[in-house]
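Here's the structure we're looking at; comments come further down.
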2 protein chains.
Amino acid sequence: MAHSEANQFRKVCEQAGLAVTHQRQVIYDVLCSVEGHPSPEEVYARVKRRIPSISLATVYKNLHLFIDSGIFKQVSLHHGSMRVETNHSRHYHLLCTHCKTIHDIDPELLGLSATPTELPGGFVVERLAVDVLGICKDCQQATPVSVTRQPAAIQ
Amino acid sequence: MAHSEANQFRKVCEQAGLAVTHQRQVIYDVLCSVEGHPSPEEVYARVKRRIPSISLATVYKNLHLFIDSGIFKQVSLHHGSMRVETNHSRHYHLLCTHCKTIHDIDPELLGLSATPTELPGGFVVERLAVDVLGICKDCQQATPVSVTRQPAAIQ
DNA sequence: ATGTGTGCAAATAATTTGCATTGAC
DNA sequence: GTCAATGCAAATTATTTGCACACAT
């Protein structure tokens with residue numbers, strides 16, 4: 001069991017072109033077993049229990065490698081800084097995973113409509129924020145499809 | 001014209017319980033006239049053209065006041081730090097605008113299905129990230145509806 | 001006059017980088 | 001042996017805070 005997991009990790013690394021290191025393995029294990037949506041600090045704290053000498057920088061570097069390789073994703077795309085929404089009308093966002101530009105899009109164009117007001121578990125819905133992730137025209141031309149990487153994407 | 005805009009700003013401030021100051025007015029004007037999804041630095045740069053002595057801290061403070069009052073929104077909720085998505089299955093997020101917790105939700109429960117593969121403008125869709133913004137059960141009990149503020153929400 | 005708002009500088013948080021050393025292949 | 005990975009400390013970026021002074025009400 002533990003052996004097959006280690007094997008699985010070897011394959012994951014091989015596909016991503018990453019060396020199989022102990023720290024990387026433990027970070028991967030932590031990510032696989034942790035509940036919720038851990039922050040780098042949370043991952044660091046958990047890994048540190050098993051490898052007290054681990055550095056936070058190593059955790060960051062590996063998280064980015066995992067994300068860039070499509071092994072894990074980010075919960076939401078970071079734009080580096082806060083962005084203010086100045087468009088008051090109801091709309092969703094078109095988000096280019098290459099150049100990170102944000103464009104507004106009319107919900108009608110997406111064919112999305114359902115807007116529940118209450119969900120199981122007693123969660124009261126205020127509104128839906130929808131990000132359409134993909135590649136904008138400019139980036140398609142700049143980066144041929146064959147070269148297109150799995151984006152460090154939302155979700 | 002300019003007068004009615006200033007009047008509108010007065011009303012906005014009155015409703016939010018904010019004093020009408022010159023810096024606040026200019027920040028508001030910039031937000032109303034700027035294209036796209038400006039960062040605090042961008043807003044700062046533009047305001048600085050009109051008020052060279054403005055401080056970045058003032059811009060930040062006012063952006064937060066505007067957002068907390070529901071006058072503007074944020075493009076996406078900041079969790080303070082990056083979050084790793086460890087759930088590999090297709091799902092959306094339930095995001096409490098009070099306590100900021102993230103829970104996964106099955107797309108079926110939302111009744112959302114449409115997933116276009118290409119959009120006008122040549123944008124190639126990879127996937128949809130949907131955040132359902134609202135108040136979780138715990139926060140509803142903690143904060144009676146009457147007290148509920150307009151959340152500093154996504155979009 | 002009273003209290004909120006502003007500007008400045010320092011503080012904090014999150015993340016990144018440079019570099020010497022270590023370890024994987 | 002060679003190059004990628006690690007650890008550490010310093011650097012950066014984004015944002016927040018404390019406080020004295022200025023301004024709105």
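Throughout, a chain's letter reflects where its sequence line sits, starting with A, and its residues are numbered from 1.
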Please list, for nucleotides 20-25 of chain C, all pairs of protein and nucleotide N/O atoms separated by less than 3.5 Å.
from: C:dC25; atom 1: OP1; to: A:V20; atom 2: N; distance (Å): 3.3

Within the structure provided, determine whether [X] and [Y] are in side-chain contact (heavy-atom separation under 4.5 Å).
X: B:E85; Y: B:N87; result: yes
X: B:I27; Y: B:F66; result: yes
X: B:Y28; Y: B:I71; result: yes

d([atom1], [X]; [atom2], [N]) in whole Å:
X: B:I51; N: D:dC23; atom1: CD1; atom2: C1'; value: 13 Å
X: A:Q23; N: D:dC8; atom1: CD; atom2: P; value: 11 Å
X: B:E14; N: C:dT4; atom1: CD; atom2: P; value: 17 Å
X: B:Q25; N: D:dT25; atom1: CD; atom2: P; value: 12 Å
X: B:F9; N: C:dG5; atom1: CZ; atom2: P; value: 11 Å
X: B:Y28; N: C:dG5; atom1: OH; atom2: P; value: 17 Å
X: A:K48; N: D:dG7; atom1: NZ; atom2: C1'; value: 10 Å
X: B:L63; N: C:dG5; atom1: CG; atom2: P; value: 14 Å

- Item | Flag, side chain of A:D131 to backbone of A:L133, donor-acceptor distance under 3.5 Å |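 Flag not set: sc A:D131 to bb A:L133 has no pair under 3.5 Å.
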- Query: Backbone N or O of A:I135 within a donor-acceptor pair of the B:E126 side chain at under 3.5 Å?
  - Reply: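 Here the side-chain-to-backbone pair does not exist.
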- Residues forming a side-chain hydrogen bond (donor to acceptor under 3.5 Å, both in side chains) with A:K137, sequence neighbours excluded: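 side-chain hydrogen bond (donor to acceptor under 3.5 Å, both in side chains) check on A:K137 returns nothing, list empty.
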- Tell me, please, which residues at least two apart from B:Q25 pass side-chain hydrogen bond (donor to acceptor under 3.5 Å, both in side chains).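 For B:Q25, the residues satisfying side-chain hydrogen bond (donor to acceptor under 3.5 Å, both in side chains) (neighbours in sequence not counted) are B:D29.
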- Message: For B:E41, give me all partners under side-chain contact (heavy atoms from CB on, under 4.5 Å), at least two apart in sequence or on another chain.
- Response: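 B:E41: side-chain contact (heavy atoms from CB on, under 4.5 Å) contacts with B:S39, B:Y44, B:L56.
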- For DNA chain D, what dot-bracket results from Watson-Crick or G-U pairs at under 3.5 Å, with [ ] for crossers and | for inter-strand partners? |||||||||||||||||||||||||
- Query: Would you say D:dA4 has OP1 or OP2 under 4.0 Å from some side-chain N or O of A:R24?
  - Reply: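 Negative; the distance criterion is not met.
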- Task: Verify the contact: side-chain N or O of A:S53 to OP1 or OP2 of D:dG7, cut-off strictly under 4.0 Å; return yes or no.
- Result: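 For A:S53, the contact criterion (side-chain N or O under 4.0 Å from OP1 or OP2 of D:dG7) is met.
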Please enumerate all protein N or O atoms sitting under 3.5 Å from an N or O of nucleotides 12-18 of chain C, with distances to 0.1 Å.
from: C:dT15; atom 1: OP1; to: B:M82; atom 2: N; distance (Å): 2.9
from: C:dT15; atom 1: OP2; to: A:Y60; atom 2: OH; distance (Å): 2.4
from: C:dT15; atom 1: O5'; to: A:Y60; atom 2: OH; distance (Å): 3.2
from: C:dT16; atom 1: OP2; to: A:H64; atom 2: NE2; distance (Å): 2.6
from: C:dG18; atom 1: O6; to: A:K61; atom 2: NZ; distance (Å): 3.4

- Run the numbers on B:H37 and A:D104 for side-chain hydrogen bond (donor to acceptor under 3.5 Å, both in side chains), then give the verdict. CA-CA 10 Å; B:H37 308 83; A:D104 296 345; 2.8 Å; yes
- Query: Please, which pairs that meet side-chain hydrogen bond (donor to acceptor under 3.5 Å, both in side chains) have at least one residue in residues 49-65 of chain B, sequence neighbours excluded?
  - Reply: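 Listed once each, the pairs are B:R24-B:N62.
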- Message: Show every salt bridge (charged side-chain N to carboxylate O under 4.0 Å, His left out) that has at least one partner inside residues 9-18 of chain A, sequence neighbours left out.
- Response: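 Qualifying pairs: none.
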